[in-house]
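Data first, discussion second: the structure below is written as structure tokens.
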Amino acid sequence: MAEVRFAKAVSLALADALEQDPAVFLFGEDIATAGGPFGATRGLYEQFGDRVRDTPISEAALANAAVGAALSGLKPVLEIMFMDFMTLTMDALVNQAAKARYMFGGQASVPMVVRTPHGGGISAGPQHSQCLEAWFAHVPGLKVVCPSNPADAYGLLRSAISDPDPVIFVENKALYAMKGELADSREIIPLGKARLVRTGKDATVVCYGAAVHTVEKAASQLAEQGLEIEVLDLRSIQPWDEAAVMASLTRTHRLLIVHEAVEAFGVGAEIAARIGDIGFDELDAPILRVAAPFVPVPFAPSLEKAYQPDAAAVIAAVHKLCA
């Protein structure tokens, strides 16, 4: 068991995939000699040569190239430097990659991965800090993953690269420096399975990505106040582990959903609507959400801190649920 940073876990997953499968290759802006904007691909060019390629600045061209490569039998892993720039990839991903299996009657697949960082915490401003995962979760044919720790980053990325369909792999940029344990066996984690972070009896809190650590902090403080919350890390947003959420709800009978993305029309809204439908009889209180307000991400550190959901907001919501 070794302790590694989140970015290193991503790098190890990419290296292992490159070593084990000759169809895998990486490309993106500044990922080769520079090692990526957050160091996640550092050293891979020296190890694998032209299978790790720097590209011109054209996200639309890169995404279309990835779709074509995947349809031809390769397994491209494309890095889009910031999730905000995914706007330029939408036609290739939404109209081509997501539709290919359906349009060809299951005779073609698009085994590609798009790695992209989202989230705030580093004062990158409103055009470099957005959490847009709900866009892609809305599109049939796309899978969306968002790990919260190094072990999950490794295991989920390996699964994503092996998957026969397109996967959007979202990495919260505030987590890249985070350290965590990674087993020597480097376990691969199936997509669509949530992780039970903490057991509790008073309320279920569903979260993913960096929000998991916010919720864990809140859970420790709530425990001191006599409230025990059960924490579920979704890990996969599409497909999401409905069964795990329902199983937890049957134990706690209260549900809170927490994410860094804007609250309106978000991942939390879908989960709340679905659980309100199939789990209504288990609920002892209305489902609540804690998420960002409906404004662009501020640049100023003080405003960005106020914008991002924090432990205090989670604690207040749990108290409201349990009142």
Side-chain angles (χ1 to χ4, degrees), residues 131 133-134 136-140 142-149 152 156 170 189-294 309-323:
C131 296
E133 56 274 8
F136 300 97
H138 183 71
V139 178
L142 295 180
K143 297 176 181 177
V144 184
V145 178
C146 188
S148 67
N149 60 77
D152 283 1
L156 292 168
V170 185
I189 299 169
L191 304 185
K193 297 295 183 182
R195 176 175 68 97
L196 182 60
V197 179
R198 181 184 180 121
T199 60
K201 59 181 177 58
D202 294 308
T204 295
V205 183
V206 174
C207 47
Y208 60 87
V212 173
H213 304 285
T214 301
V215 172
E216 285 188 283
K217 182 179 178 181
S220 296
Q221 296 180 41
L222 285 163
E224 295 173 358
Q225 301 167 15
L227 290 172
E228 294 290 345
I229 62 172
E230 186 148 297
V231 181
L232 271 181
D233 177 0
L234 278 184
R235 301 199 288 199
S236 293
I237 297 167
Q238 181 63 272
W240 62 280
D241 197 343
E242 179 183 296
V245 175
M246 273 302 302
S248 180
L249 183 64
T250 61
R251 294 189 289 269
T252 69
H253 306 287
R254 294 174 177 84
L255 178 62
L256 171 67
I257 306 147
V258 181
H259 54 64
E260 187 177 332
V262 168
E263 180 183 81
F265 296 88
V267 173
E270 169 59 23
I271 295 172
R274 179 61 178 160
I275 297 301
D277 181 17
I278 66 172
F280 182 80
D281 290 340
E282 295 290 345
L283 290 167
D284 288 346
I287 300 169
L288 297 182
R289 290 173 288 162
V290 170
F294 195 59
D310 59 9
V314 175
I315 291 169
V318 171
H319 278 291
K320 184 177 180 180
L321 268 180
C322 298

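Residue indices begin at 1 and follow the sequence shown.
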| field | Heavy-atom closest pair, residues V290 and P309 | value | CG1-CB, 3.8 Å
| Looking only at atom types and distance, does a side-chain atom of H213 sit under 3.5 Å from a main-chain N or O of S148, one as donor and one as acceptor? | yes
Validation: residues 239-250 side-chain donor-acceptor distances under 3.5 Å, sequence neighbours left out:
from	atom 1	to	atom 2	distance (Å)
D241	OD1	A244	N	3.1
D241	OD2	A194	N	2.9
E242	OE1	R274	NE	2.9
E242	OE2	R274	NH2	3.4
S248	OG	T204	OG1	2.6
S248	OG	E230	OE2	2.8
T250	OG1	A247	O	2.6

| side chain to side chain contact (heavy atoms under 4.5 Å, CB included) with I229: which of V215, V197, L321, T252? | V215
| Who pairs with D202 by side-chain contact (heavy atoms from CB on, under 4.5 Å), at least two apart in sequence or on another chain? | L227, E228, C322
| Residue list, side chain to side chain donor-acceptor pair (under 3.5 Å) with E224, at least two apart or on another chain | none
| task | Go through the structure and list residues passing salt bridge (charged side-chain N to carboxylate O under 4.0 Å, His left out) with R195, not counting sequence neighbours. | result | D152, D233
| task | Would you please name every residue forming a side chain to side chain donor-acceptor pair (under 3.5 Å) with H319, sequence neighbours left out? | result | Q225
| said: Filter on side-chain hydrogen bond (donor to acceptor under 3.5 Å, both in side chains), then keep only pairs touching residues 263-273, sequence neighbours left out; what's left? | reply: none
| All side-chain contact (heavy atoms from CB on, under 4.5 Å) counterparts of A316, not counting sequence neighbours | none
Which atom pairs, donor and acceptor, lie under 3.5 Å between side-chain atoms of residues 277-288 and protein residues at least two apart or in another chain?
from	atom 1	to	atom 2	distance (Å)
E282	OE1	H253	ND1	3.2

| query | Taking it one step at a time, do E216 and R198 satisfy side chain to side chain contact (heavy atoms under 4.5 Å, CB included)? | reply | CA-CA 8 Å; E216 285 188 283; R198 181 184 180 121; over 6 Å; no
| request: Compare every heavy atom of V262 with every heavy atom of F294, then report the nearest pair and how far apart it is. | output: CD1-CG1, 3.4 Å
| task | Nearest 0.5 Å please: distance from the SG atom of C207 over to the CG atom of L232. | result | 8.0 Å
| task | Enter the distance from R289:CZ to L256:CG here, rounded to the nearest 0.5 Å. | result | 10.5 Å
| remark: Residue set satisfying salt bridge (charged side-chain N to carboxylate O under 4.0 Å, His left out) with R254, at least two apart, ordered chain then number -> none
| Who are the side-chain contact (heavy atoms from CB on, under 4.5 Å) partners of A261, not counting sequence neighbours? | C131, E133, Y208, H259
